[in-house]
**Student:** 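If you scroll down you'll find the structure; I have some questions about it.
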Amino acid sequence: NARMFLQGDGLTLVVWPPGYPVLLALIAGLVHTDPLQVVPCVNALCVGTVTVQSGILIHRFASRRLPVVIAGMLWTTTLSLQFMGTAIETYSEPPFIVCLLLFFFIAERYRRDGRITTLLWMALISVCAVFIRYAGVTIIATGCILILWRAGFSLRKSIGRLLLYGTCST
């Protein structure tokens, strides 16, 4: 898909979300190479990012023990054969998982501070996830639920924030 995007033949982009092919085409255009040659670098960067993000999440929500963090990072990268299988091929799962974990971080921050800028970051990550995989609409739905469940806001303010998030993320 990325090669066809660079050549201007975007017929297959209707079937698949354009985010991953566009990302590959942009990077390939910057380094003047074939889009399929940048896949290993992009996926390696995504796997590394997921490993770090998972370690941070485990560290935050575990009992702050180093062995738990190390075990979680090892499980994420080496023992999760399904994830490693998708990272080897030209699949869009690795960048989608990066978006998903980034969404969790931003949503947690929104739960704590309730700022509109954090809400807009949540919407941006949601849009990126949808452009990478259409399953990203579940992230948008999750964001809507989280906005409504956030304590400390009146119903009117929550609905206003929900409308803002829904408008920006769709």
Side-chain angles (χ1 to χ4, degrees), residues 1-30 35-36 38-54 56-57 60-61 76-77 80 82-150 153 157-170:
N1 283 342
R3 188 178 293 136
M4 286 187 255
F5 184 77
L6 275 178
Q7 295 171 353
D9 181 19
L11 297 176
T12 59
L13 291 178
V14 175
V15 178
W16 301 103
Y20 192 53
V22 168
L23 175 68
L24 294 177
L26 286 174
I27 294 171
L30 287 174
L36 293 178
V38 299
V39 170
C41 295
V42 169
N43 283 349
L45 182 65
C46 288
V47 168
T49 303
V50 167
T51 302
V52 171
Q53 288 175 323
S54 299
I56 292 170
L57 281 174
R60 280 188 188 171
F61 297 110
T76 302
T77 57
S80 178
Q82 292 83 10
F83 181 65
M84 291 306 290
T86 62
I88 293 169
E89 298 293 328
T90 312
Y91 294 131
S92 58
E93 279 83 357
F96 178 75
I97 294 171
V98 169
C99 286
L100 179 66
L101 290 173
L102 278 174
F103 176 81
F104 287 148
F105 283 112
I106 300 297
E108 173 61 22
R109 177 175 286 169
Y110 179 74
R111 187 190 64 78
R112 283 180 301 177
D113 68 18
R115 294 175 49 210
I116 288 185
T117 54
T118 309
L119 181 78
L120 294 174
W121 277 108
M122 243 172 61
L124 178 67
I125 298 298
S126 301
V127 167
C128 291
V130 170
F131 278 123
I132 291 172
R133 296 198 55 85
Y134 290 136
V137 296
T138 59
I139 294 176
I140 293 174
T142 303
C144 291
I145 292 168
L146 292 173
I147 290 167
L148 288 176
W149 278 351
R150 187 188 182 282
F153 284 161
K157 190 171 187 177
S158 292
I159 290 174
R161 296 282 175 102
L162 180 67
L163 289 173
L164 176 64
Y165 174 75
T167 302
C168 293
S169 64
T170 53

**Student:** Listed by chain and number, what are the side-chain contact (heavy atoms from CB on, under 4.5 Å) partners of Phe153, not counting sequence neighbours?
**Tutor:**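 Once residues adjacent in sequence are excluded, the partners of Phe153 under the side-chain contact (heavy atoms from CB on, under 4.5 Å) criterion are Tyr110, Arg150, Lys157, Ser158, Arg161.
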
**Student:** I need the Ile106 CD1 to Leu119 CG distance, nearest 0.5 Å.
**Tutor:** 11.0 Å

**Student:** Could you check Thr142 against Phe103 for side-chain contact (heavy atoms from CB on, under 4.5 Å), going step by step and ending with a plain yes or no?
**Tutor:** CA-CA 10 Å; Thr142 303; Phe103 176 81; 4.0 Å; yes

**Student:** Nearest 0.5 Å, please: how far is CG in Leu100 from CD1 in Ile125?
**Tutor:** 10.5 Å

**Student:** Please list, chain by chain and in numerical order, all residues satisfying side-chain contact (heavy atoms from CB on, under 4.5 Å) with Val98, sequence neighbours excluded.
**Tutor:**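 Partners of Val98 under the side-chain contact (heavy atoms from CB on, under 4.5 Å) test: Cys46, Thr49, Val50, Gln53, Leu102.
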
**Student:** Can you confirm whether Val130 sits close enough to Ile139 that some side-chain heavy atom of one is under 4.5 Å from a side-chain heavy atom of the other?
**Tutor:**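 Sidechains of Ile139 and Val130: no contact.
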
**Student:** Write down the atom of Ser126, the atom of Tyr165, and the distance for their closest heavy-atom approach.
**Tutor:** OG-OH, 2.7 Å

**Student:** Testing the basics here: between Pro95 and Ser92, what is the closest heavy-atom pair and its distance to 0.1 Å?
**Tutor:**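 Looks like CD-O, 3.3 Å.
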
**Student:** So which atom in Val39 and which in Tyr20 form the shortest heavy-atom distance, rounded to 0.1 Å?
**Tutor:**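 For Val39 versus Tyr20, the nearest heavy atoms are CG1-OH, 3.9 Å.
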
**Student:** Count the heavy atoms of every other residue, nucleotide or ligand shown that sit under 6.0 Å from CD1 of Ile116, and state whether that count exceeds 12.
**Tutor:** no

**Student:** Would a 4.5 Å heavy-atom cut-off, applied to side chains only, mark Val22 and Phe131 as touching?
**Tutor:**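 The answer is no, as the side chains (C-beta and beyond) never meet within the 4.5 Å cut-off.
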
**Student:** For Arg109, give me all partners under side-chain hydrogen bond (donor to acceptor under 3.5 Å, both in side chains), at least two apart in sequence or on another chain.
**Tutor:** none

**Student:** What residues form a side-chain contact (heavy atoms from CB on, under 4.5 Å) with Thr170, not counting sequence neighbours?
**Tutor:** Ile140

**Student:** Suppose we screen for side-chain hydrogen bond (donor to acceptor under 3.5 Å, both in side chains). Which residues come up paired with Thr117, at least two apart in sequence or across chains?
**Tutor:**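 Once residues adjacent in sequence are excluded, the partners of Thr117 under the side-chain hydrogen bond (donor to acceptor under 3.5 Å, both in side chains) criterion are Arg115.
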
**Student:** How long is the span from the CZ atom in Arg111 to the OG1 atom in Thr118, to the nearest 0.5 Å?
**Tutor:**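 Spacing of CZ (Arg111) from OG1 (Thr118) equals 12.5 Å.
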
**Student:** Name all residues meeting the side-chain contact (heavy atoms from CB on, under 4.5 Å) criterion together with Cys41; count only those two or more places apart in sequence or in a different chain, and write none if there are none.
**Tutor:** none

**Student:** Please report the closest heavy-atom contact between Val127 and Cys168, naming both atoms and the distance.
**Tutor:**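 For Val127 versus Cys168, the nearest heavy atoms are CG2-O, 3.5 Å.
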
**Student:** Are Leu30 and Leu26 side-chain neighbours, meaning at least one heavy-atom pair lies under 4.5 Å?
**Tutor:**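 Sidechains of Leu26 and Leu30: no contact.
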
**Student:** What distance separates Leu146 CG from Leu162 CG, expressed to the nearest 0.5 Å?
**Tutor:** 11.0 Å

**Student:** Where is the tightest heavy-atom contact between Ala135 and Thr138, given as atom of each residue plus distance?
**Tutor:** O-OG1, 2.7 Å

